[in-house]
Amino acid sequence: MSDDDQPLILAVDNGTQSIRALLFDARGELAGRHKIEIEPWFSDAPGRAEQDPELYWNEVGRACRALWEDGHDPARVAAVAVTTQRGTQICLDADGRPLRPAILWTDRRRVDIDRLPKMPLRWRVLSALGGRARALKHLRENAECNWLAANEPETWKKTAAFVGVSGFLNLRLTGKLVDSVGSQVGYLPFNYRGRCWAGPGNWRWPALSLRREQLPELVNPGDPLGELTQSAAGHLGLNAGLPVIAAGADKACDLVGAGISDRNYGCISFGTRSTISVHSARYFEARPPMPAFPAARHGYFMVESAVPRGFWMVRWFKEQFGLEERQRAEATGVTAESLLDELVDEVAPGSLGLMLQPYWGHDVDSGPEAKGAIIGFGDVHTRAHLYRALLEGISYALREGAERIERRSSRRLQVLRVCGGGARSETVMQLTADIFNCPVERPHTVETSGLGAAVLAAYALGWYPSVRVATREMTRVGHRVEPDEINHVIYEKLYRRVYRRLYKRLKPLYRDIRDITGYPD
């Protein structure tokens, strides 16, 4: 069989800022790619973030059809797998139609607990005795379903299904309310230790406004979800009846696509939500109450620490300060991000003392009052210094999270694999290696979440006897960067003596800002 006849796997990657249709062969080589940029969200109030779910479905179809228009043969597709952003929630009616815009994972609305039904006394007592009082309060305040029940009761009464983006797309693909275990991340009645919906006697049910029948049936990663329906096949430009395989959330698939198996390897995803994560056969939490999430590798957990607005900040900088790079990029056909790297190269490590704390979005590491901070400005600083400080701030925050994972798991991360849009940048890789003082490796493709989904589909199709073997055969290192010792010495001092002290020193001021201005609420 010639290369042009080899079967392919279609991986759909529905991220926050883009939707990608990806074709992978049995060796994990990217045979086709079409990317569509989308507006991440719209907002009608500070801290709100929503999006039309139909936009996701329409753009998934458009991205797939564009592959066939580019000359790829849809008849070669042997299976479909979906990986998506996490924590975005969608209300569907009995016919599977969205009742309102999706509430995104970046949304910061909170529930006034006094507007919710009071939990039975026995649950409050048991939660307090079990040391879960903090987790219970956090869950009730942050759960989107609780906010909807309290603020949009008519919509909530009509909600027959409450799903993430993956559940929504899988329903559209198969006609079945079904989703992967590896995609369940959010304020849901999910048993993270058991990797299943919580049992009827679990404390999460009385804390939430959900009913079990509103939630999808769960399938383990690498198992079939169903088959492509006639209508979905027409939308994607494929044949009906193709198997749709359970994959996992984008960050979970990143770990598989980056080939993370050794306990001394960590994975950094430079995405909208930037994370550092590890695989673990043992359940542990990097920082309670944030749980360890189900991995896309069945039987494992994914433990992570995150910078919620991570590389979203690159987009923010590009829009606010990068007009020159955007114009040059349009004229020359290169990316604006690659031109922004030239700014970084103009500035020495440490950005002449300009320090940035990347709390542009709420994180478990900070309180609800937290805001971003930039300190150390002088008349010598330019936008180049600001951009480098932004990248350094993200890496400092990720290193802080990595150290927490190391302490909790008694492991030492000796090599980092990087993925996501930022991994394309040699400058970002070198800066990361210097701050962490360890080698940084880029997989042979930066489309690691899509590749992770393809690995699981390859196993499901019987191309490989196990996910471990499929991972070994379909992933490999494409490029490696070693840390610069001189640069690391500078970063070590700034990290220990300045960055690590910032939040504690600024926290009272953040509270004053919130009290005076009401933002963030």
Side-chain angles (χ1 to χ4, degrees), residues 47-49 86-92 99-100 102-164 167 177 179 181 183-218 249 283-294 301 304 306 308 362-368 521:
R48 300 282 178 86
R86 308 172 301 173
T88 293
Q89 302 297 342
I90 301 172
C91 295
L92 302 176
L99 288 163
R100 68 176 316 283
I103 300 177
L104 266 74
W105 60 269
T106 53
D107 193 282
R108 295 186 65 174
R109 72 189 75 193
R110 297 291 178 267
V111 184
D112 181 355
I113 293 180
D114 291 337
R115 297 186 62 186
L116 297 174
K118 202 172 187 65
M119 287 188 66
L121 178 61
R122 71 184 186 93
W123 285 109
R124 285 180 279 148
V125 172
L126 287 173
S127 296
L129 292 175
R132 297 189 180 276
R134 181 187 173 205
L136 176 64
K137 182 174 184 293
H138 182 81
L139 179 65
R140 299 198 84 202
E141 286 180 338
N142 288 273
E144 296 87 355
C145 63
N146 284 353
W147 188 92
L148 289 163
N151 294 276
E152 298 181 8
E154 292 306 311
T155 297
W156 188 242
K157 286 178 185 176
K158 298 175 186 176
T159 300
F162 191 65
V163 295
L177 187 61
D179 201 10
V181 169
S183 295
Q184 305 316 306
V185 175
Y187 299 105
L188 300 166
F190 188 75
N191 179 348
Y192 287 98
R193 284 183 183 271
R195 294 182 288 261
C196 60
W197 294 127
N202 189 278
W203 60 277
R204 293 174 180 85
W205 289 107
L208 299 170
S209 302
L210 277 164
R211 304 183 310 277
R212 175 62 186 88
E213 59 267 24
Q214 291 174 296
L215 299 170
E217 295 301 318
L218 298 182
Y283 182 92
F284 72 93
E285 298 170 354
R287 183 160 185 165
M290 185 65 71
F293 300 125
F301 300 97
E304 72 171 34
H362 177 61
D363 191 349
V364 72
D365 293 344
S366 62
D521 187 351

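Position 1 is the first residue of the sequence; numbering continues from there.
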Handout entry: Ala306 to Pro308 - nearest heavy-atom pair and separation
Key = O-CD, 3.7 Å

Completion exercise
When Leu208, Val111, Ile113 are each screened for side-chain contact (heavy atoms from CB on, under 4.5 Å) with Arg140, the one that passes is Ile113

Handout entry: Test item: Trp205 side-chain N/O and Leu210 main-chain N/O as donor-acceptor pair under 3.5 Å
Key = no

Exercise for the section: Spell out, as yes or no, whether a donor-acceptor pair under 3.5 Å connects the side chain of Gln89 to the backbone of Cys145. Expected result: no

Problem - Which atom of Asn146 lies closest to which atom of Ala207, heavy atoms considered - result: ND2-O, 3.0 Å

Practice task
Determine whether Phe301 and Phe293 make a side-chain contact, defined as any pair of heavy atoms from C-beta on separated by less than 4.5 Å.
Solution key: no

Handout entry: Any Gln214 side-chain heavy atom under 4.5 Å of Trp156 side chain
Key = yes

Exercise for the section: For the residue pair Leu188 and Trp197, establish whether any side-chain heavy-atom pair is separated by less than 4.5 Å. Expected result: yes

Practice task
Pick out which of Leu215, Leu177, Asp179 makes a side-chain contact (heavy atoms from CB on, under 4.5 Å) with Val163.
Solution key: Leu177

Fill in the blank from the handout: Closest non-hydrogen atoms of Cys91 and Arg100, given as atom of the first, atom of the second and distance, are SG-CD, 4.3 Å

Handout entry: Heavy-atom side-chain contact between Pro291 and Phe190 under 4.5 Å
Key = no

Problem - Derivation and outcome, side-chain contact (heavy atoms from CB on, under 4.5 Å), residues Phe162 and Arg211 - result: CA-CA 9 Å; Phe162 191 65; Arg211 304 183 310 277; over 6 Å; no

Problem - Distance-minimising heavy-atom pair for Tyr192 and Gln184 - result: CE2-O, 3.5 Å

Completion exercise
Rounding to 0.5 Å, atoms OG1 (Thr159) and CD (Glu154) come to a distance of 11.0 Å

Problem - Under 3.5 Å donor-acceptor, Arg86 side chain and Trp105 backbone - result: no

Practice task
Using modelled atom types only, decide if a donor and an acceptor are shared between the side chain of Arg110 and the backbone of Arg108 within a distance under 3.5 Å.
Solution key: yes

Practice task
Please determine which of Ile90, Leu148, Thr88 meets the side-chain contact (heavy atoms from CB on, under 4.5 Å) test together with Ile103.
Solution key: Leu148

Practice task
Looking only at non-hydrogen atoms, find the nearest pair between Ser183 and Ala249 and report the distance.
Solution key: OG-N, 3.5 Å

Problem - Non-hydrogen atoms of Leu116 and Ala150 that approach each other most closely - result: CD2-CB, 4.2 Å

